[in-house]
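Everything below concerns the one structure shown next.
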Amino acid sequence: MAKRQVFYSFHFKNDSWRAGQVRNIGVVEGNTPVSSNDWEEVKRKGNVAIKRWINSHMEYRSCIIVLIGSETSSREWCRYEIEHAWKEGKGIVGIYVHHLKDFNGEQSTKGNNPFKLFYIDRTYNYIAERNYPVDGNEINLSEICKTYNPPYKISTNVYDYIKEHINEWVEEAIRIRNQYPK
């Protein structure tokens with residue numbers, strides 16, 4: 001089977017080193033890493049340019065992998081990527097990466113599930129960021145999109161666990177998304 005094309009969503013400042021570790025597993029084909037200089041250049045061009053950049057890099061991807069660190073759920077662009085992925089019919093899966101070591105050899109604290117910030121409609125392709133459903137057709141995204149928290153505290157064990165399971169998590173996320181309107 002060919003490698004799935006995926007998009008990695010993560011908090012760049014805190015988790016780019018951790019994201020690089022996951023990306024280097026090589027089981028799935030991820031978006032090209034962006035350097036801090038390139039990201040700063042995109043950010044200088046404003047919100048419209050950032051959205052255009054995200055949208056173009058997410059195109060032709062079948063799944064978004066949200067690498068959940070200590071602050072991922074509070075990051076505007078991570079939230080935008082989740083919302084955009086759902087609207088585009090892409091599978092969405094979250095992987096907690098707080099126990100992978102960063103550039104300085106440090107681990108982090110577990111962050112909040114960013115999927116809890118969204119509600120989707122069961123009957124048509126709709127997603128909104130809010131704290132409560134507006135009617136009985138809405139369901140919290142965290143009840144649909146799965147998150148995985150590797151059951152280890154040692155970074156190398158966390159890496160091995162992600163490596164062993166990431167492909168099946170992506171396939172499952174795509175199957176789950178295909179059960180909902182696009």
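A quick note: this is a predicted structure, and the numbers were derived from the prediction, not measured.
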Run the numbers on E81 and H84 for side-chain hydrogen bond (donor to acceptor under 3.5 Å, both in side chains), then give the verdict.
CA-CA 5 Å; E81 291 161 349; H84 183 70; over 6 Å; no
What verdict does the salt bridge (Lys or Arg N to Asp or Glu O under 4.0 Å) test give for E41 and R44, after you've listed the backbone C-alpha separation in whole Å, the side-chain angles of each residue and the deciding distance to 0.1 Å?
CA-CA 5 Å; E41 179 65 29; R44 273 194 288 278; 3.0 Å; yes
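Classified by interplanar angle (parallel below 30°, tilted 30° to 60°, perpendicular above 60°), the ring pair W169/Y161 is tilted. Ring geometry for Y124 against Y126 counts as tilted: the plane angle lies between 30° and 60°, on a 0 to 90° scale.
The shortest non-hydrogen separation linking Y8 to L67 is CD2-CD1, 3.9 Å.
Note: I162 CD1 to R18 CZ = 11.0 Å, rounded to the nearest 0.5 Å. Between the CZ atom of F10 and the CZ atom of R75 there is a distance of 12.0 Å, given to the nearest 0.5 Å. The line from CZ of F118 to SG of C145 is 10.0 Å long, rounded to the nearest 0.5 Å. Between atom CD1 of residue I144 and atom CD1 of residue I120 there is a gap of 3.5 Å, rounded to the nearest 0.5 Å.
At a threshold of 4.0 Å, the pair E71-K13 does not count as salt-bridged, since none of the basic side-chain nitrogens sits closer than that to a carboxylate oxygen. A salt bridge is defined here as a Lys NZ or Arg NE, NH1 or NH2 lying under 4.0 Å from an Asp or Glu carboxylate O, and K87 with E83 meets this definition. E76 has no carboxylate O lying under 4.0 Å from a charged side-chain N of R79, or vice versa, which leaves the two without a salt bridge.
By the 4.5 Å heavy-atom criterion applied to side chains, N131 and Y119 are not counted as neighbours.
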